[in-house]
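Computed from heavy atoms alone, side chains included, the values below leave out hydrogens, waters and symmetry copies. All values reported here derive from a predicted model rather than from experimental measurement.
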Amino acid sequence: MFSRGSRYELISTSTVMQRQADGTVREVRLAHRRFLPELDQHLLVAQHTVAPGERLDLLAARYLGDPTQYWRLCDANGVVHPDELEVLGRVIDVAMKKG
């Protein structure tokens, strides 16, 4: 359901059958909620202070080798929305999940 490397890759799903207005039945797949991992589940590798014009995808490319892995920076800093980290002067933890 989700691409390899996505933050949702390992999330479990459910399937429900939904009756449409015309009487047909449609299968709907739902993803279960994903919670942020506890911060103590990460091993700090580096810290980065956000400079003017820096975006999270570019930082993910620099530190993690893949811009689509920006969500790992979010997880390591306990935030859901990437724009919370794109604040001039903010210190971002670059960390890897333990285990």
Open item on the list: So, taking the atom named NE2 in His32 and the one named OG in Ser14, what distance separates them when rounded to the nearest 0.5 Å?
Closed with: 2.5 Å

TODO: Measure from the side-chain N and O atoms of Arg90 to the backbone N and O of Glu84, and report whether any donor-acceptor pair falls under 3.5 Å.
DONE: yes

Task: Which atom of Ala60 lies closest to which atom of Gln69, heavy atoms considered - done: CB-C, 4.0 Å

Open item on the list: Just to verify, what does Asp22 make a side-chain contact (heavy atoms from CB on, under 4.5 Å) with, not counting sequence neighbours?
Closed with: Gln20, Thr24

Task: pair Leu85-Val79: side-chain heavy atoms closer than 4.5 Å - done: yes

Task: Nearest-0.5 Å distance that lies between atom CG in Asp57 and atom CG in Leu73 - done: 10.0 Å

Task: Audit row: Cys74, Val80, side chain to side chain contact (heavy atoms under 4.5 Å, CB included) steps and yes/no - done: CA-CA 6 Å; Cys74 291; Val80 175; over 6 Å; no

Open item on the list: Working note: Val50 + Ile92, criterion side chain to side chain contact (heavy atoms under 4.5 Å, CB included); need CA distance, chi angles, decisive distance, verdict.
Closed with: CA-CA 7 Å; Val50 178; Ile92 297 175; 3.4 Å; yes

Open item on the list: Strictly by ring-ring contact (aromatic ring centres under 6.0 Å, His included), give each pair with a member in residues 49-71 just once, sequence neighbours left out.
Closed with: His48-Tyr63

TODO: Please answer: with hydrophobic residues joined when any side-chain heavy atoms are less than 4.5 Å apart, are Leu59 and Met96 in the same cluster?
DONE: yes

Open item on the list: For the CG atom of Leu44 and the CG atom of Leu39, what is their distance to the nearest 0.5 Å?
Closed with: 11.0 Å

Open item on the list: Going by salt bridge (Lys or Arg N to Asp or Glu O under 4.0 Å), name the pairs with one or both residues in residues 62-74, residues two or more places apart or in two chains.
Closed with: Glu54-Arg62

- [ ] Would you confirm whether Glu86, through its side chain, and Leu56, through its main-chain N or O, come within 3.5 Å as a donor-acceptor pair?
- [x] yes

Open item on the list: Main chain of Asp93, side chain of Asn77: is a donor-acceptor contact present, judged purely on distance under 3.5 Å?
Closed with: yes

- [ ] Determine whether Leu88 and Pro52 make a side-chain contact, defined as any pair of heavy atoms from C-beta on separated by less than 4.5 Å.
- [x] yes

